[in-house]
K.L.:
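The structure follows.
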Amino acid sequence: MSKDNAVQPFEPKVVAYCCTYCAYTAGDLAGSMRLEYAPNVRVVKILCTGKVDAILLLRAFEDGADAVYVAGCAIGDCHFLEGNLRAIQTVAYTKKRLAEIGLEPERLEFFHVPASDGPGFADAANEMTRRAKTLGPNPLRKSITQAAGRKLAKESDEHPPLPEAVLGKLIHHSERTTVG
Amino acid sequence: MIVAERKPLEQVEAMIDGFERILVVGCGTCVAVCMAGGEKEVELFAAELRMKGKLDGKQRTIDEITITRQCDMEYLEQLAKYVDDYDAIVSTACGAGVQFLAERYDEKLVLPALNTRFIGVAEGAGVWSQRCMACSDCVLDQTGGICPMTICAKNLLNGPCGGTDHGKCEVDGEKDCAWTLIYRKLEKIGRLDTMRKIQPPKDYSLMTTPGKYTHEAFKETQAEDEE
């Protein structure tokens with residue numbers, strides 16, 4: 001088996017978070033245009049790239065993705081006005097976190113892919129696959145199954161019971177106010 | 001709100017070096033709002049530590065939990081059933097939270113993951129600025145709601161120093177001169193005469209640390225408890 005592996009070239013796994021209005025539609029268009037692009041890309045459709053959080057991107061790498069990218073609308077074209085601007089910030093921030101950990105920040109990128117840009121979608125997919133091939137496999141991939149910790153269950157906070165009224169009944173504030 | 005920022009990853013890495021089981025405890029109050037140590041930040045931070053550990057070939061477990069507050073014993077109590085399993089606890093609370101956590105579980109090593117900055121306000125998305133230095137003797141009634149103790153680099157209480165430069169401070173040209181701000185505000189609300197009053201010397205003894213305060217309503221019960 002190891003011999004087989006040795007002859008097989010490295011085929012990276014690339015995760016693409018695509019906004020439903022622009023990049024995902026561009027992906028559809030790329031298909032309609034019969035464009036050929038790297039088959040390594042796994043597309044995750046999201047409502048808006050503004051939804052993308054640093055932890056979402058980091059989790060993909062933790063689970064062994066070789067490259068991850070976020071594809072959203074062109075500047076000024078976001079369906080939710082500024083979702084793509086937030087995603088640009090998030091991606092830049094996450095790149096710094098990756099560098100801090102010791103993974104190459106180039107494994108992560110943001111692309112503007114307008115809905116009409118089928119070739120742009122293919123270019124982004126090819127570019128990230130090329131980068132992953134140059135950088136080699138994600139070093140975390142070999143330790144995916146190694147348990148390293150989890151989130152502990154938190155019980156809901158206990159609230160003390162309301163005090164029993166000793167002198168008369170408790171009056172709601174609205175009952176106190178007199179009208180007129 | 002207390003504003004804090006996360007320490008660099010390598011600094012925390014150095015603290016936890018050699019430990020195998022680590023619990024990261026988040027705080028869901030002030031530091032959650034300033035995006036430094038709430039549930040979301042703990043999730044990101046713990047994931048980073050896990051990935052870093054794996055990349056460095058370490059066999060270690062990083063678990064995470066975020067409680068409502070670390071400055072109240074009731075909430076710290078929730079950790080009781082977990083802490084025994086860990087070699088070290090990393091707290092993403094402000095300095096007060098870290099200390100209270102260390103006090104409650106005094107047989108455990110508790111490490112800080114944040115640098116506590118100040119009491120401040122959110123100026124915009126992701127930007128905070130200091131507004132109060134807890135001087136224990138508020139003068140905001142005299143100064144149009146602008147704190148000369150905090151905003152003025154020299155904590156001056158009776159007008160600006162000679163270093164005021166077209167509304168900016170001589171200590172840092174980027175910062176506003178507190179007394180220019182105060183003058184403009186008092187002018188706007190027609191209370192410039194309050195500036196003529198001489199503020200008596202500040203009682204700095206009130207700021208002696210560590211401060212302690214008991215609410216009036218609890219003073220008697222406190223005394224009874226002590227008896």
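The shown structure was predicted, so the numbers you read here are calculated from the model rather than taken from an experiment. Throughout, a chain's letter reflects where its sequence line sits, starting with A, and its residues are numbered from 1.
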K.L.:
What part of B/L23 gets closer than 4.5 Å to chain A, counting heavy atoms only: side chain, backbone, both or neither?
P.N.:
side chain
K.L.:
Would you indicate whether A/F10, at its atom CZ, is surrounded by more than 12 heavy atoms from other residues, nucleotides or ligands within a distance under 6.0 Å?
P.N.:
yes
K.L.:
If I measure from the heavy atoms of chain B, does A/L56 come under 4.5 Å with its side chain, its backbone, both, or neither?
P.N.:
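Contact with chain B: none, neither part.
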K.L.:
Answer yes or no: are there more than 12 heavy-atom neighbours, outside B/R104 itself, under 6.0 Å from its atom CZ?
P.N.:
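Yes.
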K.L.:
Report the distance from atom CG of A/L152 to atom NZ of B/K81, rounding to the nearest 0.5 Å.
P.N.:
9.5 Å
K.L.:
Contact part of B/R69 toward chain A, heavy-atom cut-off under 4.5 Å: side chain, backbone, both or neither?
P.N.:
neither
K.L.:
How long is the span from the CD1 atom in B/I67 to the CD atom in A/E155, to the nearest 0.5 Å?
P.N.:
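So the CD1 of B/I67 and the CD of A/E155 are separated by 12.5 Å.
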K.L.:
Less than 4.5 Å to any heavy atom of chain A: does that hold for the side chain of B/E43, its backbone, both, or neither?
P.N.:
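Both parts, backbone and side chain.
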K.L.:
Find the one option among B/Q78, B/R21, B/E13, B/E77 whose heavy-atom pairs under 4.5 Å with chain A are most numerous.
P.N.:
B/Q78
K.L.:
Can you measure from CD (A/Q146) to CD (B/Q59) and round to the nearest 0.5 angstrom?
P.N.:
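A/Q146 CD to B/Q59 CD: 4.5 Å, rounded to 0.5 Å.
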K.L.:
To the nearest 0.5 Å, how far apart are NZ in A/K151 and OG1 in B/T66?
P.N.:
6.5 Å
K.L.:
What distance do A/L103 atom CG and B/E48 atom CD have between them, rounded to the nearest 0.5 Å?
P.N.:
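So the CG of A/L103 and the CD of B/E48 are separated by 10.5 Å.
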K.L.:
Return the option, out of B/I65, B/L49, B/V42, with the maximum number of heavy-atom pairs under 4.5 Å with chain A.
P.N.:
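If we count pairs closer than 4.5 Å to chain A, B/I65 comes out on top.
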K.L.:
So which part of B/E41 gets closer than 4.5 Å to some heavy atom of chain A, the side chain, the backbone, both or neither?
P.N.:
neither
K.L.:
Does B/K40 use its side chain to pair, donor to acceptor, with the backbone of A/D53 at less than 3.5 Å?
P.N.:
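Between the backbone of A/D53 and the side chain of B/K40 there is no qualifying donor-acceptor contact (under 3.5 Å).
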K.L.:
When you look at CZ of B/R60, are more than 12 heavy atoms from neighbouring residues, nucleotides or ligands closer to it than 6.0 Å?
P.N.:
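Yes.
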K.L.:
Is B/E216 atom CD crowded by more than 12 heavy atoms from other residues, nucleotides or ligands, each under 6.0 Å away?
P.N.:
no
K.L.:
Are there more than 12 heavy atoms of other residues, nucleotides or ligands under 6.0 Å from atom NZ of B/K168?
P.N.:
yes
K.L.:
Taking everything shown except A/F111 itself, do over 12 heavy atoms lie less than 6.0 Å from its CZ?
P.N.:
yes
K.L.:
Which pair of non-hydrogen atoms, one from B/K54 and one from A/A148, has the smallest distance, and what is that distance?
P.N.:
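For B/K54 versus A/A148, the nearest heavy atoms are CE-CB, 3.9 Å.
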K.L.:
Report yes if some heavy atom in the side chain of A/R97 is under 4.5 Å from a heavy atom in the side chain of B/L9; otherwise report no.
P.N.:
no
K.L.:
Any sub-3.5 Å donor-acceptor pair from B/D63's side-chain atoms to A/R150's backbone N or O?
P.N.:
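Indeed, once roles are kept as given, a pair shorter than 3.5 Å links the two residues.
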K.L.:
So which part of B/E74 gets closer than 4.5 Å to some heavy atom of chain A, the side chain, the backbone, both or neither?
P.N.:
neither
K.L.:
Evaluate whether atom CZ of A/R141 has more than 12 neighbouring non-hydrogen atoms of other residues, nucleotides or ligands under 6.0 angstrom away.
P.N.:
yes
K.L.:
Around atom NZ of A/K95, are there more than 12 heavy atoms of other residues, nucleotides or ligands at under 6.0 Å?
P.N.:
yes
K.L.:
Using 0.5 Å steps for rounding, measure from the OG atom of A/S143 to the NZ atom of B/K58.
P.N.:
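Reported to 0.5 Å precision, the distance equals 13.5 Å.
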K.L.:
With chain B as the partner, which of A/D157, A/T94, A/L58 has the greatest number of non-hydrogen pairs under 4.5 Å?
P.N.:
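Between A/D157, A/T94, A/L58, the count favours A/D157.
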K.L.:
Against A/E100, only a single residue in B/K7, B/K52, B/R6 fulfils salt bridge (Lys or Arg N to Asp or Glu O under 4.0 Å); can you say which?
P.N.:
B/R6
K.L.:
Nearest heavy-atom pair of A/E62 and B/A47: which atoms, and what distance?
P.N.:
OE1-CB, 4.1 Å
